[in-house]
Amino acid sequence: MRLLNFFRGETFARGVHPPQHKETAELPIRRLPFAPRLIVPLSQHVGRPARPLVQVGQEVVRGEPIAAAEGFISVPHHAPASGVIEAIRLHPTADGLWAESIIIRVHAASSQEVLWSRPRDLTQLDAEGLIHAVQDTGIVGLGGGVFPTHAKLRVPKQTVIDTLVVNGCECEPYLTSDYRIMVEHADDLVAGVRIARQLLGGPRAIIGVEDNKPAAVAAIKSLLPDDGSIRVEAVPTKYPQGAGEMLIKTLTGREVPPDSRSYQVGAYVQNVATLAGMGRLMPRGEGFIERVITVVGTAVERPGNYLVPLGTPLRFLLDYVGARDESIEVIFGGPMMGQAIASLDAPIIKGVAGILVFRGRDLPTQQTRKTYPCIKCGECIESCPMGLNPSTLGMLAVKREYESMADRYRLGACFECGSCTYVCPANIPLVQHFRIAKSVLRGRAS
Amino acid sequence: MTASAFTAVPVSAPHAHITAGISRVMLWVMAALAPATLYGFWLFGWPAIHLWFITVLATLLGEGFCLRLAGRKALPILFDGSALLTGWLLAMSLPPWAPWWVGVFGGIFASVFGKQIFGGLGQNPFNPAMVARVALLISFPVPMTLWVAPLPITAAAAPGFIDGLHITLNGFANMDAIASASVLGYAKTELTRGIDLLHSLAAQVAPHGSATGYRQGSLGETSAMLLALGGFVLLGLRIITWHIPAAMLAGIAIPALILHQVDPARYLDAGTHVLCGAAILGAFFIATDYVTSPNTPAGQIVFGLGVGLLTYIIRTWGGYPEGVAFAILLMNTLTPVIDRLIKPRIYGRNRRGVALEPDRVK
């Protein structure tokens, strides 16, 4: 397979093949009931936190805006359920920090019906109007980047985008939420792709789906127009195929130079869940209030793909799926790049595509495995999709030669996909070293 | 569920890891070495078994001694398997009936001067087993070039456990009577005496002798077939890649093919070159040592070709009949240079590391 891809030249260089563990792939999306309290942090995105529009004690209905975007690089938030604003105060979040959040006490009889919307005829809107319509949904990059989608859609003038790269790879093991969206809501996805094409000046759109998801490819293909403006392409299943730069390379053969953005090589990347969200919400004029999340892991009794109201406390969700083990590790995202969370009080926010719940002993973490000296086997070099030398970078990190890492060994190109650390037989925590080095360098620069 | 149930410390991604660890890699390499080693035990009998044990023990002893000297706990590190493997590889390359002190000197030299003096696992620039072998060969050329004829352990004349121990500890009184030269050594000696290969080799070995390994030679080097089998197991498990073995064997075989065509009386054929001596053992098990070989595929091909060519040059025009150990050590010195010159192209940059122009990559 590797050799075949080499001759076809149709994918990025190197990378790894972790076991896929897509156990939840064939479980249809199911709704999670409302938790008694929902916690909506004002900042769930890159950019400035939203500004609250509601007062304590105020009644809100499901779908109603409760916080407005603060400037252009910001998004509004909507009430995920009908209820009363109980408080606006600091609340723990996944990374351990406390953040200003709107807390809604949900009415016991709150229905799933969305009670607030502002439908719009999208065909009547100009580019700027469309961008604001995107912003009004409150949608952000749902692949984990959480950059406000409308802001990303406004590319500089004179820029020619000739390819809209739609990222349906879902290369992280375990996660199947994008897959379920592609299979069950391919119509929303295609609608979203149309809107994005309209905004970007009508480039061709290529939906890249890893070739381990033929059902998704088939579901999308049946809805595509005949003019070839939107294509779906099965790409080799290889981690990290779903990284933007890698998928651009695979689908267009182009590379994004350092310190450049993808639009500078004529490509624009967006994740399938984001586009499906746009395609579903924008014509109805609704806000983004719930998302599909894969919940899986050795400590989960009822794994699945759940449609989770944003703001649901993690503890409520874990109880619902039957994760009641005594010692568990909870990860937001996939096993390769996900974030181990610091508090079970943390709410589910817009950027969470998956929740992994493992018994502590089932996780092959650095703590439980012995670390050996580097034996220079070169596995990390053979895995790095960016072509870096993690082995040398790791040795420099131990010696704290951070400047040398950045200047001579291009640490800045590392996007922390974790491949090097995944393959290291000496179990050296390479990515962790790199994160420390980057934060030290950032500290010195500022 | 309560907050106190959340006992595990928050950790950092990735939360997944391959199952392979260093010890597992070492274990597989040893398993791959086992068939050829057992064949060597059978072929050369109890003295070979004793020598193997002595060499391995001496290597472990040297390693443990250095670790204690450095104030580290010796046992857990000894169990990573790397010292055991070094001793094993060294034993494979020794004359099977060599006296005990050859194994002791070699084993201690390998772990102390080959490895620990540089800081232990991963730090040594040279392959420790080959460092020790070359030190032995230069210091004690006579016992290092006495090859016994095959005398299977099952044969009536083969020494038993006690007799074998006697041979290893006190030496074999009548060594000259049973000793003969290795194929490569014999060819070289006869050539220097002015007897061409066509005549000297005619009576020497049956052609199939080399592949099965029923011939004189180092303890574990005679059976090219079993060594290659082990090598293919390592390839199949992706513990090694094809680059170094293929390039090294090509580096030996290509000049041999050409020159043998030119003058078969002066130059050995490629088959003998590849199947005799340490070529197969070196190609699959020694040159592929992670620590001392380049870490990119292209670099490994350069390295392998270099080892192969140097081996051929030393065998053909050098003073020694066998050159694998020297060739590997010489190329070990070049490994850092190769790694510096040959490295992957960084995404978004050209080979020289200069950022690509956005409009040019379009």
Side-chain angles (χ1 to χ4, degrees), chain A residues 13-14 18 96 173 245 254-260 264-266 315 318-319 324 326-329 331 335-342 344 356 360 363-367 369 372-378 381 384-389 391 410 413 418 421-423 425-427 429 431-432 435, chain B residues 1-26 76-77 80 82 119-123 238-241 289-297 299-300 335 339 343-350 353-362:
Chain A
R14 298 169 291 272
E245 292 94 335
R254 299 171 202 164
E255 292 184 12
V256 185
D259 307 319
S260 300
Q264 287 172 281
V265 297
R315 195 186 302 276
L318 293 182
D319 268 343
R324 294 197 177 84
E326 280 304 294
S327 168
I328 54 167
E329 191 72 67
I331 294 156
M336 297 298 283
M337 291 184 79
Q339 171 195 19
I341 65 117
L344 291 186
L356 306 183
L363 266 187
T365 53
Q366 305 299 332
Q367 277 82 355
R369 292 171 58 113
Y372 289 91
C374 172
I375 53 166
K376 303 183 179 71
C377 65
I381 298 170
C384 180
M386 294 303 286
L388 304 176
N389 184 337
S391 150
R410 312 288 183 201
T421 315
Y422 170 75
V423 296
N427 202 32
V431 182
Q432 289 84 337
R435 280 194 206 108
Chain B
M1 192 188 301
T2 59
S4 64
F6 199 57
T7 52
V9 197
V11 288
S12 179
H15 310 281
H17 197 273
I18 46 151
T19 46
I22 282 181
S23 299
R24 189 180 153 273
V25 170
M26 301 285 178
I77 298 179
D80 70 19
S82 71
L121 182 65
Q123 304 297 319
R238 291 179 155 213
I239 286 173
I240 60 172
T241 57
D289 172 23
Y290 292 146
V291 179
T292 55
S293 64
N295 43 31
T296 59
Q300 288 168 355
T335 294
D339 274 339
K343 46 190 175 189
R345 183 178 66 81
I346 295 177
Y347 179 98
R349 294 177 184 272
N350 68 15
V354 182
L356 301 172
E357 289 294 321
D359 51 312
R360 277 189 36 220
V361 281
K362 226 167 151 180

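Side-chain contact between B:H15 and A:L356 is absent, with no heavy atoms from C-beta onward closer than 4.5 Å. Looking only at side-chain heavy atoms (C-beta outward), A:R410 and B:R349 come within less than 4.5 Å of each other. For the pair A:P257 and A:V265, the minimum side-chain heavy-atom distance is below 4.5 Å. You'll find the side chain of B:Q300 reaches within 4.5 Å of the side chain of B:T241, heavy atoms only.
Looking only at heavy-atom pairs under 4.5 Å with chain A, the residue among B:P344, B:A355, B:G353 that has the most is B:P344. Contact count versus chain B (heavy atoms, under 4.5 Å) is highest, among A:C374, A:G378, A:P335, for A:P335. For chain A, the option among B:D289, B:I22, B:N295 with the highest count of heavy-atom pairs below 4.5 Å is B:I22.
The part of A:M337 that comes within reach of chain B is its backbone (N, CA, C, O), which places non-hydrogen atoms under 4.5 angstrom from that chain. Proximity to chain B is absent for every atom of A:P18, based on heavy atoms less than 4.5 angstrom apart. Proximity to chain B (any heavy atom under 4.5 Å) is shown, for A:P173, by neither the backbone nor the side chain.
A donor-acceptor pair under 3.5 Å is absent between the side-chain atoms of B:T296 and the main chain of B:K343, judged by distance alone.
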